[in-house]
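Each remark here refers to the structure printed beneath this line.
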Amino acid sequence: MTVGTVHVLDLESGNLRSLSNALTKLGYEVKWIKKPSDGLDVAEILIFPGVGNFGHAINELRNRGFIEPLRAYIASGRRIMGICVGLQAFFAGSTESPGVKGIGIIPAELQKFNDSTKSVPHIGWNSASVTKAEDEGLYGLRAESKYYYVHSYRADTEVPLREGWTVAIGNYNGEEFVGAICKDNVFATQFHPEKSGVAGLRVLQAFLQGNRISKAQASQTDILKKNLGLTKRVIACLDVRTNDEGDLVVTKGDQYDVREKAATATAGGKVRNLGKPVEVAERYYHQGADEVTFLNITSFRNCPLVDTPMLEILRKTSETVFVPLTIGGGIRDMIDPDGTKISALDVASIYFRSGADKVSIGSDAVLAAEQFYERGEVLSGETPMEMISRAYGAQAVVVSVDPKRVYVSSKKCTKHHVIKTSHPGPNGEEFAWYQCTIKGGRELRDLDVRQLVMAVEKMGAGEILLNCIDKDGTNSGFDLDLINDVKSAVKIPVIASSGAGKPEHFLEVFEKTTTDAALGAGMFHRNEYRVADVKNYLSEHGLLMRNESELEL
Ligand code: 1PR
C-alpha cells in the first residue's frame with residue numbers, strides 16, 4: 001500500500017532507478033515528469049534529481065520548457081527537493097558551464113574544488129552538519145551521519161546564509177561547501193540521499209512527510225563540526241561469471257585464475273562458486289560496505305546486450321542496496337549477434353537505467369590510450385570515456401586497470417615508466433614497470449600504467465580502480481609502490497585493489513599511501529572477515545569512517 005505520491009523530474013540523466021527504488025521502499029508511488037505538461041501543475045511534492053554537468057542539466061531543463069514552470073512551482077509554495085545537480089540548478093550559475101544561467105533563486109555561482117591538494121571529483125561519504133545550534137528547517141539530517149557525495153563543483157555557504165537560507169555544511173580537506181540547504185518550501189542536498197544508506201532514506205522520508213528539524217532538535221544535534229570530512233571508503237567487489245553448471249555466480253581468482261586447483265593436470269578445475277551475486281551484495285551492504293562493485297569477468301565473450309545477466313543483477317540489487325553500485329565488464333562498442341551496432345555510450349546508458357551509478361571500463365580504456373599516444377596525445381572526442389563522461393559526468397566513469405609487474409635490472413632497460421619496487425624480482429631485480437593488460441590479463445600490451453592513467457584522466461575518467469594481477473588473491477596486502485606511483489600521476493580518486501587479506505592491510509594502504517578508497521574481495525567472500533570488521537578496525541585506529549550503526553533504523 002502506498003502512503004502518498006511524489007512527482008520526480010526525469011531528464012533522462014543517470015541512475016533514476018535507485019531514487020525510484022528508494023521512494024518505493026518508503027511507500028510512495030512515483031510519477032515521472034518529462035515535460036511540464038506531465039503533471040507539474042498537480043504535483044504537491046516534487047523531486048528534481050540530477051547528475052553530471054551543470055550546463056547539460058540546465059539546457060535539458062530549458063529545452064523541455066521547464067525553467068519558468070519550475071519558477072512558478074517554487075513561487076506557489078509547494079514542496080520541492082533538488083538532489084546533486086538539482087541543488088546546483090537553484091544557483092545562478094557554475095564555473096563549470098560559463099554563460100549558462102541556472103534557475104537563480106540563490107544569487108551565487110558554484111566553483112570547482114581546488115585540486116592542488118586533493119582528489120577531484122569529491123567522491124565519497126561526507127557530512128552535512130547544520131551550522132548553528134538554532135538552525136531549523138532542514139529535514140532528517142544528523143550530525144553523526146555521513147552522506148554520499150559525488151561532484152567537482154561546490155557551493156559556498158556565504159551568499160546563501162546572507163540570503164536567509166539554512167545551510168548544512170560539508171568540509172573537504174579544509175574547503176567548506178553546501179551539503180544541504182533549505183528555505184521555505186525549497187530543500188536541496190548536494191549528496192545523493194538514495195545512495196546514502198539508511199541515513200539518506202531518513203532524509204528522504206523526513207522531506208516526504210514534511211518533518212522539518214525543529215530548533216530544539218537542531219540544538220540537541222551536536223553539530224558541532226564533529227567528525228566533519230570525507231571518510232576513506234571500503235568497497236566490496238564481486239567478480240561475476242557463469243559457472244560450468246550455467247549459474248551466474250560470484251567467483252574469485254588467484255592472480256585472475258578463477259578455477260579451483262585441479263586434482264590432476266587434465267581434470268580441469270571448476271569455476272569457484274562463492275555465492276549468488278544479489279545476495280552477496282546485500283550482505284555487504286548490511287555489513288556497511290561504502291560501495292559495491294560488480295565485474296562481469298567474461299565480458300570479452302560476445303552476448304546479446306539485452307540478455308546480459310548483469311542487467312538483471314543490477315535491477316534486483318538496486319531495490320535493496322542503497323549505496324553506489326559500479327558495473328564493469330563489456331563497456332565498449334558492441335555488435336549484437338543479430339548485427340545491431342550498440343555504442344559504448346548506449347551500453348552504459350542501459351546500465352545506468354538499470355541501477356548503476358558508475359561504469360568501469362577495462363580493455364577498451366587501454367586500446368583508447370594506445371590510440372591517444374599514436375595520435376600524438378590528441379583526444380579523438382569519441383572514446384567511451386569521453387562520450388560517457390560528457391553525457392553523465394566524469395564521476396560516472398571508472399577505469400579499471402589490470403597491470404602485471406615486469407622486472408628490469410635498471411631504469412634504462414625499457415622506455416616505460418619504471419619504479420623501485422619493494423617486491424624484488426626472481427633474480428633480485430629492484431626495479432619494475434607495470435604493464436597494462438586487456439581481456440582480464442589474457443593479453444599484454446605495450447603500454448605502462450602511468451601512460452594509461454594519465455591518458456584516461458584527460459579523456460574524462462573520474463576514478464581509477466587500480467588492480468594488480470601479481471597481488472590479486474594473494475592475501476598479502478596491496479601493492480603500495482604501484483598505488484603511490486599512480487596517485488602521484490593523477491588528480492582523480494584512486495581505489496586500491498588486489499591483495500587484501502586482513503583488516504591490517506586496509507590500515508596499511510590508508511596510512512602508507514594517499515589512496516581514496518580500498519577494495520576487498522576474497523577475504524569477504526570466504527567469510528574470513530566482514531566489511532564491518534575492517535571498518536571497525538580502521539575506526540579504532542583513528543580513521544574517519546561511515547558509522548556502521550547507521551544501518552540500523
Ligand atoms: O575489459 O572492460 O570488459 O572489463 C573486464 C573487467 O573484469 C575488468 O575490470 C577486469 O579487472 C575484470 N576481470 C577480468 N578477468 C578477471 C579475472 O579475475 N579473471 N577480475 C577480472 C578482476 C580483480 C579485482 C579483484 C581484486 C581484489 N578482478 O576486482 O576483485 O583483485 O581481489 P582480492 O581482494 O581477493 O585480492 P572489460
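Ligands are counted one by one from 1 in listed order, and the atoms in each one are counted from 1 as well.
G473 counts as a contact of ligand 1, since one of its heavy atoms falls under 4.0 Å from the ligand. In this structure, G253 does not count as a contact residue of ligand 1, since none of its heavy atoms falls inside 4.0 Å of the ligand.
Contact check on R390 versus E386 returns no salt bridge, with no Lys/Arg side-chain nitrogen under 4.0 Å from an Asp/Glu carboxylate oxygen.
Under a 4.0 Å criterion applied to the non-hydrogen atoms of D402, ligand 1 contributes the atoms 8 (C), 10 (C), 11 (O). Within ligand 1, the atoms closer than 4.0 Å to a non-hydrogen atom of G329 are 3 (O), 4 (O), 5 (C), 37 (P), numbered from 1 in the order shown. Distances below 4.0 Å separate heavy atoms of S363 from the following atoms of ligand 1: 1 (O), 2 (O), 37 (P). Of all atoms in ligand 1, listed by their number and element, those nearer than 4.0 Å to a heavy atom of S497 are 24 (C), 26 (C), 27 (C), 31 (O). For ligand 1 and G330, the ligand atoms under 4.0 Å from any heavy atom of the residue are 2 (O), 3 (O), 37 (P). Annotation for ligand 1: atoms under 4.0 Å from non-hydrogen atoms of G440 are 14 (C), 15 (N). Those atoms of ligand 1 that come under 4.0 Å of a heavy atom in L295, given as number and element, are 9 (O), 29 (O). Applying the 4.0 Å criterion to heavy atoms of S400 picks out, from ligand 1, the atoms 8 (C), 9 (O), 11 (O).
Here V406 pairs with W433, Q435 under the side-chain contact (heavy atoms from CB on, under 4.5 Å) rule; sequence neighbours left out.
Looking at every heavy atom in both residues, L544 comes nearest to L230 through CD2-O, 3.9 Å. Heavy atoms only, all atoms of each residue included: Y285 and T320 are closest at CE2-O, 3.4 Å.
Side-chain N or O atoms of T251 include one that pairs as donor or acceptor with a backbone N or O of R272 at under 3.5 Å.
At least one test fails for K458 against the ring of F372: distance under 6.0 Å to the centre or angle within 45° of the axis.
Taking only nitrogen or oxygen atoms, main chain and side chain alike, V258 does not reach within less than 3.5 Å of ligand 1. For S498, a nitrogen or oxygen atom sits less than 3.5 Å from a nitrogen or oxygen atom of ligand 1, counting backbone and side chain alike. Residue contacts with ligand 1: T474 is placed with no nitrogen or oxygen under 3.5 Å of a nitrogen or oxygen of the ligand (distance criterion only). Looking at ligand 1, you'll find an N or O of D472 within less than 3.5 Å of one of its N or O atoms. Residue L519 has no nitrogen or oxygen atom sitting less than 3.5 Å from a nitrogen or oxygen atom of ligand 1, judged on distance alone. Taking distance alone, with nitrogen or oxygen atoms compared against 3.5 Å, I361 stays at or beyond that limit from ligand 1. Polar contact check, M523 against ligand 1: no nitrogen or oxygen pair lies under 3.5 Å apart. Close N/O approach between D257 and ligand 1 is not found [any backbone or side-chain N/O within under 3.5 Å]. Below 3.5 Å of separation, one finds no N or O of C237 facing any N or O of ligand 1.
Atom NZ of K25 has 12 or fewer heavy atoms from other residues, nucleotides or ligands within 6.0 Å.
For the side chain to side chain donor-acceptor pair (under 3.5 Å) criterion with D290, the lone passing option out of R233, K232, R546, K146 is R546. Among the candidates D485, D479, T421, the single residue satisfying the side chain to side chain donor-acceptor pair (under 3.5 Å) test with Y434 is D479.
When the options I235, T437, D239 are ranked by their closest heavy atom to atom 20 (N) of ligand 1, first place goes to D239.
Side-chain contact check for N427 versus Y407: every heavy-atom pair is 4.5 Å or farther apart.
Less than 6.0 angstrom separates the ring centroid of Y172 from the ring centroid of F113.
Side-chain contact check for S119 and K487: at least one donor-acceptor pair (N or O, by modelled atom type) lies under 3.5 Å.
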